[in-house]
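Just so you know, ligand 1 is whichever comes first in the structure, and atom 1 is the first atom listed for that ligand. Computed from a prediction, not measured in an experiment: that's the story for all the values here. In what follows, every heavy atom counts, from backbone to side chain, and hydrogens, waters and symmetry copies are set aside.
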Amino acid sequence: MNAVIRSTGLWTPDETISNDELVDCYNTYVARFNEAHAGEIENGTTEPKNPSSSAFIEKASGIKSRYTVNKSGCLDVDRMRPLLPRRSDDELCLMAEAGVAAAREALAVADRDPSEIDAVICAATTMERTYPCIAIEIQNELGIDGFAYDMSVACSSGTFGIISAVNMIATGQAKSVLLVTPEITTPQLNFRDRDSHFIFGDVAVAMLIEAEDVAGDGNGWSIIGTRMMTKFSNTIRSNLGYLNASHDPEPAFEERYFSQEGRRVFKEVCPMVAALILEELGKLDLGPENMKRLWLHQANINMNMMVARKVYGRDFTEEEAPVVLDEFANIAGAGSLVAFHRHHEGIAAGEKGVICSFGAGYSAGTVFVEKR
Ligand code: CO8
């Protein structure tokens, strides 16, 4: 049975941080650090820290702002990480709360009741806890029967999640799957690291994926081809894990944060992704001229421009490769799904596009769709 993207939903936190606000805080931290270490800097035993700049951030990444689950903690120079109240085991956890809100919108758009859903997948870069699965908590909160599980492939979590739903539908395990991708990334971001303090934001996106016969004629997007690709690389890494507490000395918190060799990622990933899209187009007997829209992963504007130019083999319009990272920053596994959520209008029945992720792992995923 073929699968259809029937509807989508989005949740954003109430608060945002602009580049200027972020840079203000970072530069205050830098000034304090350099002043506190003036002696060591003077005698050459400590490197001075350099200030950050909004102009650099926008030019190098395309990011103008990001949503955050807590602004005051991130911008408190004595803290520089979100401050979140600890929830009791009886309260909905943060990822589930965000995921449920996005899921409710996806269900409402398709006019579906939770009783019509067979499975929930929570696909995200990092899970708030190890168990019980966040997906099962979301399933319980929405009142869905059937089954649920978590999965994680960093920035390809969302597309690999769609493909898992497609496979469930193809094998008859489910007819209607709710994919939820809550990416609460700011607590994993080192706001004291000049190279990466601007990169990430928080969001949750949901997608309802149904068997063709459930979706009904003319509704949604047929999924006409999928591909998953992974290739091991240490260039994007977080060592946050359950063994941390077993190591002596326990790794400093900074060692567990996201880190990357951004320039190398850029150079290695762009050609890989463009080649993957073109190869898959060939398998589907299609060409770039058939791609009305590329909903690309949202890590960096320059990466997206390079990938889109390689795929189209020409200059392209904003409509052909829409950008949401100016508003959201990098939202990890949710990026290409949020691009689709925000920019799926204006496409006629029979026209096609691709939702494509790429990121840590390395991992890349393509989901080719045709408007029904
Ligand atoms: N302000 C001012 N100047 C700066 C700053 C700053 N904040 N940072 C660096 N500079 C300076 C550097 O010092 C350097 O100066 P110089 O030339 O004098 O040495 C100059 O700017 C250029 O530095 P870079 O070469 O590093 O700058 P780039 O143009 O490469 O831009 C980027 C940096 C934006 C990081 C870019 O390399 C990039 O986006 N690369 C790709 C990144 C990417 O796609 N990564 C994927 C990560 S996401 C993912 O896979 C999911 C992981 C899971 C996420 C979990 C949540 C935390």
Checklist entry - Under 6.0 Å from the six-membered ring centre of Y362 and within 45° of its axis: does the NZ or CZ of K231 meet both? => result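 Checked: cation-pi criterion not met.
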Checklist entry - So which protein residues pack against ligand 1 under 4.0 Å, heavy atoms counted? => result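 Lining ligand 1: S52, S53, F56, A60, T125, C155, T185, Q188, R194, D195, H197, F198, F200, I236, F258, Q260, G262, R263, V265, A299, N300, M303, N330, G359, A360.
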Next on the checklist: If only side-chain N and O atoms count, and only distance matters, is there a donor-acceptor pair under 3.5 Å linking R81 with N190?
Outcome noted: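 Short answer, no.
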Checklist entry - Side-chain donor-acceptor pair under 3.5 Å between D193 and S196, yes or no? => result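 Result is yes, a qualifying pair exists.
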Checklist entry - Taking F368 as the fixed residue, which of K352, R227, M291 is the one that meets the side chain to side chain contact (heavy atoms under 4.5 Å, CB included) rule? => result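 Testing F368 for a side chain to side chain contact (heavy atoms under 4.5 Å, CB included) against K352, R227, M291 leaves exactly one candidate, M291.
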Checklist entry - Should the heavy atoms of other residues, nucleotides or ligands under 6.0 Å from CD of E35 be counted, would the total exceed 12? => result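 No - once you tally the heavy atoms of other residues, nucleotides and ligands closer than 6.0 Å, there are 12 at most.
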Next on the checklist: Using the rule ring-ring contact (aromatic ring centres under 6.0 Å, His included), only one of F56, Y26, Y257 pairs with H197; which is it?
Outcome noted: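 That would be Y26.
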